[in-house]
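The sequence lines fix the lettering, A, B, ..., with proteins before strands; numbering per chain opens at 1. Computed from heavy atoms alone, side chains included, the values below leave out hydrogens, waters and symmetry copies.
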Amino acid sequence: MRRNALGACVLAVVLGAGALDAQGVPRGFELERLGRHAEAATLYLAALAADPADESALLGLERVLPRLDRTAELLAAARRARAAAPRSGVVRGVELRATAELGDTRALAEAAEAWIAEDPGSEDPWREWTLALADRGALDGARRVLAAARRALGRPDALATLAAEVEQRGGDWAAAAGEWRTAVAADATQRANATYHLGEAPLDQREGVLAGLTAGGRVPSIGRQIAADLLVSWGRPLDGWRLLESSIEGTPAEVGRMLRDFAQRTEGLTDQDSRRARGLALAAYADVAPPATAARVRAEAARALLDGGDRAAARAQLLQLVDARDVPPDARALAEAALIDLLIRDGALGAAAARLAAAGDQRLTGEDAQSLRLDLARALVARGSLHAADSILGPDSSVTAAALRGWIALYGGELAVADSQFRRAGPYAGPREDATARTAMLALLQTIDEARAPELGRALLLLAGGDSAGAVPALQRAAQHLAPASRAGVLTLAGRVAARPGGDPEIALRLLTGAVAADERGAFAPEAELVAARVLLHMGRTADGITRLEHLILTYPGSAFTPDARRELERARGTVPRS
Amino acid sequence: MRRREFLGRLGRAAVAFGAGSRAVVPSWRRGDAPSWRPVVAASLLVPMDDSQTNHLKAYGLTYRAIGAGLRAEWLLNYRGGSFLLPDSGALRREAALDAVLLEPVGDATVAAIKGEIAGANMDAVPLEKGPRIAVYAPPSARPWDDAVTMALQYAGITFDRVWDAEVLAGGLTGYDWLHLHHEDFTGQYSKFYLTFAGQAWLSEMVREQSATARRLGYASVPALKKAVAVAIRDYVANGGFLFAMCTATETIDLALASGAVDIAAAFADGTGVDDDADARLDWRGTFAFTGARLEPHPAVAAFSDIDGHQVNVPGRRQPLGAFTLFNFSAKIDPVPSMLVQNHRPVIPDFYGLTTSFVRARLKPAVTVLGLEEGAPWVKYIRGDLGKGTWCFLGGHDPEDPQHQIGDPATDLSLHPRSPGYRLILNNVLFPAAKKKELKT
């Protein structure tokens, strides 16, 4: 100590006190970073010799002296600093921590009490005292100081976040949760902090946390809100919703805010439970929301419920929208359309047809009515009810209806009629995926000379109905009756179907190899190669898949499938994400 | 690929060419490589203007060629910054697989190109050897969450990952090029601590960073990151090349300026930001910025007023525009010229936690490479520090301008001509350029 003090004096004389004050602290920090703690301490002490209350230098000493086992010097410097600047919280804090570091609990208490006497309304001395005890593992002592602080400050919610940390360190997560509830009740901006910290609770403590937040007779709703937030972050959004729902109370505005907060908490979460929980919260919010926004919120609820797989609840929301009195006509029409759409998607085709007929053009816009008729016809086609589908289309002369008639003809084996209807529909009718499927089918039909092929039509209908297992051999049988160039396309299609998840990759490879062999220079060869490569990659035969892709790229550089092959090659090599 | 292996493949390809005829039986059935008739030329021009079909892979092709010991030249400002490589079957095959457009050129054409270069604002820079590349990223970093990593992997350029322990142990000395992406060198977990509380990825980040700090003997994550920032600055001062994007640009300078000043919120180190922190920041040791003011609020996801866009701060967020690359004299200023080679002079802007750099916060010696006309910020800057050089590009992902956490990764095979990603790859290839005495 004496040698260091002497060094500091010499430095102070040589450089001048002002120079040390200006340069010593930054230089000391550089020395600290280089691990030269003793030299840094000398510079900090020199700075303090010039200005005993230099907080930067004192904090520097606090960083280096304990590492050098010279905490007593730190305490002495802190006491000199306190004499010079008795109201400095920084200085008092260093003194208190140094005292604690030396393990003298009584001196610690004296230092803390002196600070409290100097600044009786401040939380700082209580916080430092508590932390000093907690850092040394004296959690009971820390709790006693906290209790004293609350009495002295006259606020039972004082230092609640610190109290929560103390309880958390002691492993009492339920008590920590109670303190966080207090903290958030006093300062709502702490809610995110509470959620973060309590979110760290180990699995076996989580029920305790929830109990801590929701215990007691009349529980402030903030506790339940935090608990609900936690359940969301723990991947239990529906439990979170139930907890919130069971205890919601307050004015309609307060209830609305709680529901909206919960819905926002789940916004952006993509799992089904979260979406459903969000939908349920929005549906409840729609019940209390101002009329101007209620319809929009209910529509959003229906969408979230649909995304969350709760079709029944979604349907109920839509029915409310359709039947409600104060819903604007355009919103009602939208809801009616969504409801019929839902019925179609649920396979309730009879109910959908009845509702569509009843709604007519009065309760639906003309555009929606036509679109729903087409959707219903598509669903009927997929079910194999070709005549019913044709009849639903009625006199519709749109290009989309022409496209649909093309499919109906195709499944009936009338290839020439299908070709003619598809051409009439053109390349842009309907959604993009429909247009793509139609164009692909038109390309296949162009390679087939026969005007009628009932066996192929039946095979394609099986495929449209989702019977892949039945469609593959049916397509293979149908291909046998076609010329080689026509066969390549049908075999490629069969190979594609067999390559789908749940199919048989070996059969797929055999069909695709057959497609290439049937017409190696034809339009279907690169497609068959690409699908075969994907099958190989899916089977884990990466090297074979890469070889096949490289062959495709180098052999058919002008093919429309080559860009896809390159992307597949990138994925196989791991140079782009697989998603 | 080492040179011997590369030349071996070249030899095999030459044998395949000797077979002569075009294959009619698919090679995957025969079990050998597909063959095609070679066209012998003196060189292969890799045009980098709009005719190029895969600009990003062209960098990888060039990088691997020089890695295999082949001679290459970077033709600055010639057709978008083209490359000239020696003709070889192996290069042609790689280019065909990667959709890289090549133009075989004879000696006379090469001479004509060189003549054109001599008479215009262009230059031909020899490329000597592929730089050894390190990417600063935590061990748990996902491979698809970093634009540079994605660009390197897509282009087929190899790199090593380094993290705090390696950096502090002097492990950067073996590398020519270091990349930092969205690291927060203020140690505040990108200030996501409160807004993303409870998210598993954030908890993991906090745990990982805190454990690293403890293991390496630092009191807190901010203290650790300050030390790492100093080590990176030393690496550049000793001749290294630093390329940083997004948050790393802003926060490494904040860390370097902070010294003993506490600039981290209480959630990061237990104590709040020093009250007089702004006044005590020392900018003499920073790379690019000076005089910035910190954002002290722990829940505001911004670090300072260096970033012009403040994407996550409601009320301060600025809309995206487009930035223009500065046109330098290729013969007089080859270094900045290399860094701005592109087939598009104007590039749509893209957000990051740090999107842009406010002009008023730049040090006087900083060179602006790209800026938004009329805006108070710039996008792309460089400078020298000691024997080394650095380059900062604001933003997170040039092809995902509104990137959000949890968004799907960018698939670069869908953006093979990305002008934004070209800027990243210019930086990768720049250290390969043969050093010559600069005129400025």
Side-chain angles (χ1 to χ4, degrees), chain A residues 25-26 28-30 32-33 35 55-57 59-60 63 93 131 189 191-200 229-230 232-235 268 270 513 516 520-521 525 529 532-533 544 547-555 557 562-563 565-571 573-579, chain B residues 22-29 31 33-36 54 57 60 93 96-99 142-144 150 152-156 193-200 202-203 206-207 217 219 223 226-227 230 259-262 267 270 274 280 282 298-299 404-406 408-414 416:
Chain A
V25 173
F29 187 73
E30 288 296 328
E32 253 188 81
R33 284 205 294 231
E55 293 177 356
S56 297
L59 289 168
R63 287 194 299 273
L131 276 172
T189 63
R191 183 169 160 189
N193 253 339
T195 308
Y196 179 84
H197 285 282
L198 293 173
E200 298 280 297
D229 285 351
L230 283 172
V232 171
S233 68
W234 290 336
T270 52
T513 303
V516 177
E520 199 162 300
R521 290 174 183 274
E529 282 222 51
D544 290 341
T547 302
R548 199 131 186 180
L549 289 166
E550 288 183 349
H551 177 268
L552 190 169
I553 294 165
L554 296 173
T555 310
T562 301
R566 283 205 176 92
R567 291 194 63 219
E568 204 63 69
L569 186 60
E570 300 295 351
R571 289 196 196 98
R573 287 171 173 170
T575 57
V576 296
R578 286 186 182 277
S579 56
Chain B
R22 180 188 168 91
V24 289
V25 178
S27 67
W28 46 266
R29 272 200 242 149
S35 58
W36 61 92
N54 194 324
K57 290 276 190 184
R93 183 177 188 278
L97 288 173
D98 288 346
R142 289 170 297 175
W144 311 116
M150 287 192 287
L152 293 174
Q153 285 181 308
Y154 180 66
Y193 194 78
L194 300 182
T195 45
F196 286 92
Q199 298 288 313
L202 178 63
S203 301
V206 172
R207 259 193 294 275
K226 281 183 188 179
V230 170
V261 185
D262 185 349
F267 64 72
D274 285 349
R280 290 164 58 206
D282 181 354
Q404 299 280 323
I405 288 171
T410 299
D411 182 344
L412 282 183
S413 65
L414 301 173

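- How far CG of D411(B) is from CZ of R571(A): 6.0 Å, rounded to the nearest 0.5 Å.
- For the pair F29(A) and G259(B), the tightest heavy-atom approach, listed with the atom from each and the gap, is CZ-O, 2.9 Å.
- Heavy-atom distances place no part of N54(B) under 4.5 Å from chain A, backbone and side chain included.
- From D274(B), atom CG reaches atom CD of E55(A) across 9.0 Å, with rounding to the nearest 0.5 Å.
- Minimum heavy-atom separation, L97(B) to R566(A): O-NE, 3.0 Å.
- Closest of all the heavy-atom pairs between L554(A) and A96(B) is CD2-CB, 3.5 Å.
- A salt bridge does not link E32(A) to K226(B): none of the charged nitrogens lies less than 4.0 Å from a carboxylate oxygen.
- If you measure heavy-atom distances from V230(B) to chain A, the contacts under 4.5 Å come from the side chain alone.
- Taking 4.5 Å as the limit, every side-chain heavy atom of E200(A) sits out of range of all side-chain heavy atoms of V206(B).
- Put simply, the side chain of M150(B) does not reach to within 4.5 Å of the side chain of V576(A), judged on heavy atoms.
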